[in-house]
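Bear in mind that the values here come from a model prediction, so they are computed numbers and not experimental data. Residue numbering restarts at 1 for every chain, and letters A, B, ... go by the order of the sequence lines. We use all heavy atoms of the structure for the numbers below, so side chains are in, but hydrogens, waters and symmetry mates are not.
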Amino acid sequence: MSVLRFAALPETALKRVPLGGLEAIYHVPSGITHLLAEPVPDLLDALARLGPGKAASAAEVLVAVAERFDIVGDDPGEAPVAVVAERLAELAQLGLVAVRHDA
Amino acid sequence: MRHSCFITVGPARFRIGSDWRAPIDQLRQLYSDYPLDEGVPDFTVRLQATSALRRVVRPQVAIAGDFTLPDAVPLPLEQGLLAAEMAMNLQMALGWRRHLLLHASAVSRNGRAVIMTGVSGAGKSTLSALLGERGWRFLGDEFVLLDPDTGMIVPFPRPVSLKNTAISAMEREVDDDTRFGPVMRDTPKGTIRHLRPRTEAVQLMARETRPALLLFPRFGYPRAVRRVDEAESFVRLTQASTNYVALGERGFDALTGFVRAMSACAIDYADGEEGVEMVERLWSEQGAKTGARAAAA
């Protein structure tokens, strides 16, 4: 079974501006603006800290953000790693992170 | 075109052509304080008959020009001035790229501007017109132009488009009848009458102003004031901008910088007098905060 791994886009692909408790993100390649709430911008930060071209699994990203956040899903029974994996998958669908399938 | 004139408003220059003389004469009267010199226009607008017969028999004015809407309904010749105004708005909304365009009104005092935005009927035009008669400089009632390079507001003080009850309110406010255009009844937006801004507003229209206070007014509701945070302001202004998407990264930079630099409030008010009083009060509070920050620095 392949494991999804996520990586930050090149630094020039996103413009990010904090607006109060949210963050406005301009995706340069598409010209689309997104408005994201915590902890999603922190997931982007965690991937950016890996360095160019480096990817991480949802479990590794969870470790990176766990110091700042108690990750809890809408369903209290949902595992934190599943919540992070869902958010990362959503970011990948929006084109805000790159995704790789590692065998 | 048989008849034409040039009109300059703020940074934009329009050439208006018409199959009929009357709309051009009305434009010249309404814009008598504005530069009317001929030159290379940014936009051309044409008011033309829907057919050769329609030039004389129950004449109908169709809007043509650099930018048009395919489904625009022709207006009767008595509303030719309105057709010209709508066409000029359309050129700006669809074609202007030099500034971020916000569907908003604005006034300024001491070099700092209040920007008011809201849906049609929220009262932003009337509020800016009232303030423009009471010691504020009128900067525009339809579009606010934000310079992406400097963050400054570039005045675009077109004549105010007064609708329905706002007409009588401003007729009571303004003594000089020559500043009003013709009354146009039964238009798609009800009765409309234009009001030329005070001469000073036109004379100073090349002078840019720094934005200071952002308001989301709503007319006809019990008095209320609510602070609006940066994220909500940003979302509402992206919806109020006609060219945010077209400007791309410049638009994003301009708008995020704009909302981060200003206080923003939503205000509900029952009538024009209350609206003016609320703007004055918020302005005073804003000035006190700015003064306190300057003193602390």
Side-chain angles (χ1 to χ4, degrees), chain A residues 6-49 52-53 61 65 68-74 83-84 86-98, chain B residues 94-104 115 117 146-151 211-216 225-266 286 289 293:
Chain A
F6 302 90
L9 298 182
E11 206 171 303
T12 53
L14 299 182
K15 298 196 83 163
R16 301 173 56 183
V17 177
L19 295 177
L22 302 180
E23 186 166 301
I25 299 184
Y26 183 76
H27 184 235
V28 175
S30 68
I32 294 175
T33 303
H34 304 271
L35 201 59
L36 302 180
E38 285 184 341
V40 180
D42 300 84
L43 301 181
L44 294 176
D45 289 339
L47 293 176
R49 282 195 297 272
V61 174
V65 299
R68 287 197 59 199
F69 296 100
D70 290 328
I71 303 290
V72 179
D74 296 332
V83 176
V84 170
E86 280 178 22
R87 299 290 88 78
L88 287 169
E90 288 165 359
L91 287 171
Q93 283 181 350
L94 294 172
L96 298 180
V97 303
Chain B
L94 299 183
W96 195 254
R97 295 286 185 274
R98 285 162 56 188
H99 303 95
L100 182 70
L101 240 71
L102 301 173
H103 186 220
I115 291 91
T117 184
L146 176 64
D147 188 327
D149 299 322
T150 64
L213 179 62
L214 172 63
L215 298 177
F216 298 94
V225 178
R226 175 176 66 86
R227 292 280 163 195
V228 176
D229 65 26
E230 292 172 356
E232 182 182 343
S233 294
F234 179 77
V235 170
R236 291 175 75 158
L237 289 176
T238 57
Q239 293 165 345
S241 174
T242 58
N243 65 358
Y244 171 77
V245 172
L247 288 193
E249 205 169 331
R250 288 176 76 222
F252 178 81
D253 291 341
L255 198 54
T256 50
F258 182 74
V259 299
R260 295 184 76 189
M262 274 188 302
S263 304
C265 289
Q286 170 80 5
K289 280 181 195 165
R293 276 200 298 271

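Counting only heavy atoms from C-beta outward, the side chains of A:Thr33 and B:Thr238 never approach each other to under 4.5 Å. B:Glu230 places none of its side-chain heavy atoms less than 4.5 Å from the side chain of A:Pro18.
Heavy-atom pairs under 4.5 Å with chain A peak, among B:Asp229, B:Thr256, B:Val259, at B:Thr256.
Scanning all heavy atoms of the two residues, the minimum distance from B:Phe234 to A:Leu35 falls at CD2-CD1, 4.4 Å.
Taking CZ from B:Phe252 and CD1 from A:Ile25, the interatomic distance works out to 8.0 Å, rounded to the nearest 0.5 Å.
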For side chain to side chain contact (heavy atoms under 4.5 Å, CB included), just list the numbers for B:Asp253 and A:Tyr26, CA-CA rounded to whole Å, side-chain angles, deciding distance to a tenth of an Å, and then say yes or no. CA-CA 9 Å; B:Asp253 291 341; A:Tyr26 183 76; over 6 Å; no
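Proximity to chain A (any heavy atom under 4.5 Å) is restricted, for B:Val235, to the side chain, taken from C-beta onward.
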